[in-house]
Amino acid sequence: MVGIGVPICVQCGTRSNPCRCKVVGPTVGFLAFAAAAVVEWPIGALVYPFKHMKGRKIMAHPATVIYPSVTNAIPI
C-alpha cells in the first residue's frame with residue numbers, strides 16, 4: 001500500500017525561537033506554496049506570451065511572497 005506523505009521541512013540556524021530550529025513554519029509554508037503554485041503557474045503561463053514581465057511576476061509570486069510570508073509568520 002502506497003500512501004501520500006506530508007512533506008516535513010526543517011530550517012535550523014534561525015534566531016526566531018530559542019531552539020533555533022523551525023519545523024511547522026517551513027512545512028506550512030511549503031504547503032501554501034504548492035497550493036498557490038497550482039493556481040498561479042498556469043495563469044502565468046497563459047499571460048507570459050502576451051506580457052512577459054507580468055507573466056514572470058505571476059509565476060514567481062508563490063516563491064517570492066507566499067512561502068516567505070507564511071514561513072516567517074510561524075516562529076516554530
Note to self: Give me the atom names and distance for the closest heavy-atom approach of V47 to G55.
What the structure shows: CG1-N, 3.9 Å
Check: What pair of heavy atoms forms the shortest contact from E40 to M59, and how long is it?
Finding: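 Between these two residues, the closest heavy atoms are O-CG, 4.5 Å.
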Check: Are K22 and N72 close enough, and set up right, to give a side chain to side chain contact (heavy atoms under 4.5 Å, CB included), and what steps lead you there?
Finding: CA-CA 10 Å; K22 293 171 68 172; N72 293 332; 4.1 Å; yes
Item checked: Any donor-acceptor N/O pair, T71 side chain to P68 backbone, under 3.5 Å ->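 Between the backbone of P68 and the side chain of T71 there is no qualifying donor-acceptor contact (under 3.5 Å).
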In Å and rounded to the nearest 0.5 Å, what is the [atom1] to [atom2] distance from [X] to [Y]?
X: H52; Y: K57; atom1: NE2; atom2: NZ; value: 14.5 Å
X: F30; Y: I66; atom1: CZ; atom2: CD1; value: 14.0 Å
X: Y48; Y: M53; atom1: OH; atom2: CE; value: 9.5 Å

